[in-house]
Amino acid sequence: MRTIPAAALALALLSAAPASAQDIGDIAAGRDYYAESCAECHQDPAAVADGLEQSDPAAIRAELEEFLPGHFAEQAADRANVIAYLLSI
């Protein structure tokens, strides 16, 4: 009987789509947060997005989650939103 739940789990994992920027945070809120908190020093968000070392969205998210708490984005929701915004560019 254990093979049915395992098979269902395997099917669910195989059919799961990767998270989009919208699934990570609120893009509009991230754009607003960037304009209010980041743009004074980092005027061009596209240049910031292009300058990220990773190309995989999950790796970019991990890179930013590690960097942003010490760079004026202490709240998890703000980080999620600005990451979603940068991934959407």
Q: Indicate the atoms forming the closest heavy-atom contact of Gln43 with Glu40, along with that distance.
A: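 The pair with the smallest heavy-atom distance is NE2-O, 3.0 Å.
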Q: Atom CG in Asp44, atom CG in Asp50: separation rounded to 0.5 Å?
A: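 Atom-to-atom, Asp44:CG and Asp50:CG are 8.0 Å apart.
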Q: Run through Val82, Val48, Ile83, Leu87 and flag the one making a side-chain contact (heavy atoms from CB on, under 4.5 Å) with Leu64.
A: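 Going through the options one by one, the only one that passes is Ile83.
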Q: Do any side-chain atoms of residues 30-38 form donor-acceptor pairs under 3.5 angstrom with protein atoms, and if so which ones, sequence neighbours left out?
A:
| from | atom 1 | to | atom 2 | distance (Å) |
| --- | --- | --- | --- | --- |
| Tyr33 | OH | Phe72 | O | 2.7 |
| Tyr34 | OH | His42 | O | 2.5 |

Q: By side chain to side chain donor-acceptor pair (under 3.5 Å), which residues pair with Glu65, not counting sequence neighbours?
A: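 Applying side chain to side chain donor-acceptor pair (under 3.5 Å) to Glu65 gives Arg79.
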Q: Find the distance between CG (Leu68) and CD (Glu63) and round it off to the nearest 0.5 Å.
A: 9.5 Å
Q: Does any N or O in the side chain of Asn81 come within less than 3.5 Å of the main-chain N or O of Asp26, such that one atom is a donor and the other an acceptor?
A: yes
Q: Which value, rounded to the nearest 0.5 Å, describes the distance between Ile24 atom CD1 and Leu86 atom CG?
A: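 Atom-to-atom, Ile24:CD1 and Leu86:CG are 10.5 Å apart.
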